[in-house]
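One structure below.
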Number of protein chains: 2
Amino acid sequence: MEGLPLRGDVFDPDCPTRVVLDRIGDKWTVLVVSVLSTGTLRFTELRARVGGVAPKVLTQTLRALERDGILIRTIYAQVPPRVEYQLTDLGRSLAQPIAAIQDWAEGHVGSVLAARNSYDSSVA
Amino acid sequence: MEGLPLRGDVFDPDCPTRVVLDRIGDKWTVLVVSVLSTGTLRFTELRARVGGVAPKVLTQTLRALERDGILIRTIYAQVPPRVEYQLTDLGRSLAQPIAAIQDWAEGHVGSVLAARNSYDSSVA
DNA sequence: TGACCCAGGTACCTATAGGTAACAATGGAA
DNA sequence: TTCCATTGTTACCTATAGGTACCTGGGTCA
């Protein structure tokens, strides 16, 4: 019943593919997956590398990604608690397109901001 | 002052790269860019291909993308009005990573849904 | 006897993305 | 003279993602 090689169609509003797109649309998912693609990290490290996340929101994001099979959460019965997050194979496969997006964003910020300035001044 | 080959850093909360990620996080951007990557389209055609968009929201999305230099809006002084949307070079360069994301989404829906079922039933 | 560390949890608030429904403007067709 | 096509706009409402601030629990270190 699982692992159907079923192919979705993002243009169908009723296709669950939309759900996947929504997850990627999540404000922090891209950043978290990107950071984790470099290796296993603990909560606090994650928080430090992804600038600006509130702990509550980071927890939410991590739980959602765990639920979707993108990452694994490992709890070590220690004191103080130690929890590690690492990507699954599925997560690693997602890391590639995400890296492409991130790369585009970093490489084209200048053009986008320039277009924005130009547009705003012509409308003003 | 424009077109700086400045490279952003998505992990810096104050970096405008975040703005670009936010735009991609927009619910309809990915779909609109994807559809337009196949060629120029009119408003109604666009609306038909991207299932489930309300006209107001489509207008908002298109304006935002125009502002960011991703697409061009051409108005023909006809009656009834005719407006065409096409990607710019910048938009076409974005279409590639977006296609990768979309491809991933369509190809891995099955795995994600399976993980979700498994997670939900183990928590229940 | 505190104070600290880690990984969150809880309660609460709000901005805004997104949605619904109805209307506008124009000229040609029926 | 009423209707229709086309591309939106306007007013209005709401769900929820996201944020702030503070709490918890239990070893350890001083």
Side-chain angles (χ1 to χ4, degrees), chain A residues 10-11 13-14 18-33 35-36 40-68 70-86 119 123, chain B residues 10-11 13-14 18-33 35-36 40-68 70-86 119 123:
Chain A
V10 287
F11 297 114
D14 297 324
R18 288 285 176 96
V19 173
V20 178
L21 281 188
D22 284 350
R23 169 127 337 291
I24 289 166
D26 183 284
K27 188 170 180 182
W28 302 105
T29 294
V30 170
L31 264 19
V32 167
V33 171
V35 166
L36 281 181
T40 302
L41 286 174
R42 302 179 58 184
F43 189 85
T44 310
E45 293 166 337
L46 219 40
R47 187 142 90 96
R49 301 211 191 182
V50 179
V53 222
K56 190 199 82 169
V57 176
L58 183 54
T59 298
Q60 284 175 354
T61 304
L62 290 169
R63 286 292 144 77
L65 290 174
E66 187 193 7
R67 183 164 103 103
D68 287 352
I70 305 295
L71 57 81
I72 291 178
R73 187 163 160 267
T74 312
I75 305 166
Y76 295 90
Q78 302 180 354
V79 170
R82 173 185 184 82
V83 181
E84 287 185 348
Y85 297 90
Q86 59 184 312
Y119 183 93
V123 170
Chain B
V10 287
F11 298 115
D14 297 324
R18 288 286 177 95
V19 173
V20 177
L21 281 188
D22 285 350
R23 169 127 333 293
I24 289 165
D26 183 283
K27 188 169 180 183
W28 302 104
T29 294
V30 169
L31 297 176
V32 167
V33 171
V35 166
L36 280 180
T40 302
L41 287 174
R42 302 179 59 182
F43 189 86
T44 310
E45 292 164 339
L46 220 39
R47 188 142 89 97
R49 300 210 192 181
V50 180
V53 222
K56 191 200 83 166
V57 177
L58 182 55
T59 299
Q60 284 176 352
T61 304
L62 290 169
R63 285 291 143 77
L65 290 173
E66 186 192 8
R67 184 165 105 101
D68 288 351
I70 305 294
L71 57 80
I72 292 179
R73 186 162 160 269
T74 311
I75 307 164
Y76 295 90
Q78 301 180 354
V79 169
R82 173 188 183 82
V83 182
E84 287 186 348
Y85 297 89
Q86 59 184 311
Y119 183 94
V123 169

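In this text, all values refer to a predicted model and were calculated from it rather than measured experimentally.
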Item to complete: Could you tell me the separation between the CZ atom of A:Arg42 and the C1' atom of C:dG8, rounded to a whole number of Å?
Response: 13 Å

Practice prompt. Any chance you could lay out the side-chain contact (heavy atoms from CB on, under 4.5 Å) test for A:Val50 and A:Leu58, step after step, and finish with the verdict?
Written response: CA-CA 9 Å; A:Val50 179; A:Leu58 183 54; 5.7 Å; no

Worksheet item: Are the side chain of A:Arg47 and the backbone of A:Ala54 linked by a donor-acceptor contact shorter than 3.5 Å?
Response: no

Discussion item. Nearest whole Å is fine: how far is C:dT16 C1' from B:Asp22 CG?
Written reply: 12 Å

Discussion item. So, using side-chain contact (heavy atoms from CB on, under 4.5 Å) as the criterion, who are the partners of B:Pro80 when residues are at least two apart?
Written reply: none

Discussion item. Tell me the interatomic distance from A:Glu84, atom CD, to C:dC6, atom P, rounded to whole angstroms.
Written reply: 14 Å

Discussion item. The test is side-chain contact (heavy atoms from CB on, under 4.5 Å); show your working for B:Ile72 and B:Glu66 and say whether it passes.
Written reply: CA-CA 6 Å; B:Ile72 292 179; B:Glu66 186 192 8; over 6 Å; no

Worksheet item: Can you check the B:Trp28 CH2 to C:dG18 P distance for me, whole Å?
Response: 9 Å

Discussion item. From CG of B:Leu58 over to P of D:dT6, roughly how many Å is that when rounded to an integer?
Written reply: 16 Å

Fill in: Intermediate values then yes/no, side-chain contact (heavy atoms from CB on, under 4.5 Å), A:Tyr85 and A:Leu65
CA-CA 10 Å; A:Tyr85 297 90; A:Leu65 290 174; over 6 Å; no

Worksheet item: Considering only heavy atoms, which members of residues 59-68 of chain B lie under 4.0 Å from some atom of DNA chain D?
Response: B:Thr59, B:Arg63

Practice prompt. Can you tell me the distance, in whole Å, between the CG atom of A:Leu41 and the P atom of C:dC6?
Written response: 15 Å

Item to complete: Return the set of residues passing side-chain hydrogen bond (donor to acceptor under 3.5 Å, both in side chains) with B:Glu84 (not counting sequence neighbours), or none when no residue passes.
Response: B:Tyr76, B:Arg82

Item to complete: Please lay out, stage by stage, how A:Leu36 and A:Ile70 fare under the test side-chain contact (heavy atoms from CB on, under 4.5 Å).
Response: CA-CA 10 Å; A:Leu36 281 181; A:Ile70 305 295; over 6 Å; no

Fill in: A:Asp26 CG to D:dA17 P, straight-line distance once rounded to whole Å
9 Å

Practice prompt. Report the distance from atom CD of B:Gln86 to atom OG1 of B:Thr74, rounding to the nearest 0.5 Å.
Written response: 5.0 Å

Discussion item. Measuring from the side chain of A:Val83 (C-beta onward, heavy atoms only), which nucleotide among D:dT20, C:dA7, C:dG18 has the closest atom?
Written reply: C:dA7

Practice prompt. Within residues 70-78 of chain B, find the residues that approach DNA chain D with a heavy atom at under 4.0 Å, and present them sorted by residue number.
Written response: B:Arg73

Item to complete: State plainly whether the residues B:Arg23 and B:Asp68 are in salt-bridge range, i.e. N to O under 4.0 Å.
Response: yes

Worksheet item: Taking only residues two or more places apart in sequence, or in another chain, which ones meet B:Thr61 in a side-chain hydrogen bond (donor to acceptor under 3.5 Å, both in side chains)?
Response: none

Response to the item:
Taken to the nearest whole Å, CZ/B:Arg18 to C1'/D:dG18 is 13 Å

Item to complete: Kindly give the heavy-atom pair with the smallest separation between A:Val10 and A:Arg18, and that separation in Å.
Response: O-NE, 2.7 Å

Can you tabulate the close N/O pairs, meaning under 3.5 Å, that link protein atoms to atoms of nucleotides 21-28 of chain C?
none

Discussion item. Below the 4.0 Å mark, does C:dC6 have OP1 or OP2 next to a side-chain nitrogen or oxygen of A:Arg82?
Written reply: no

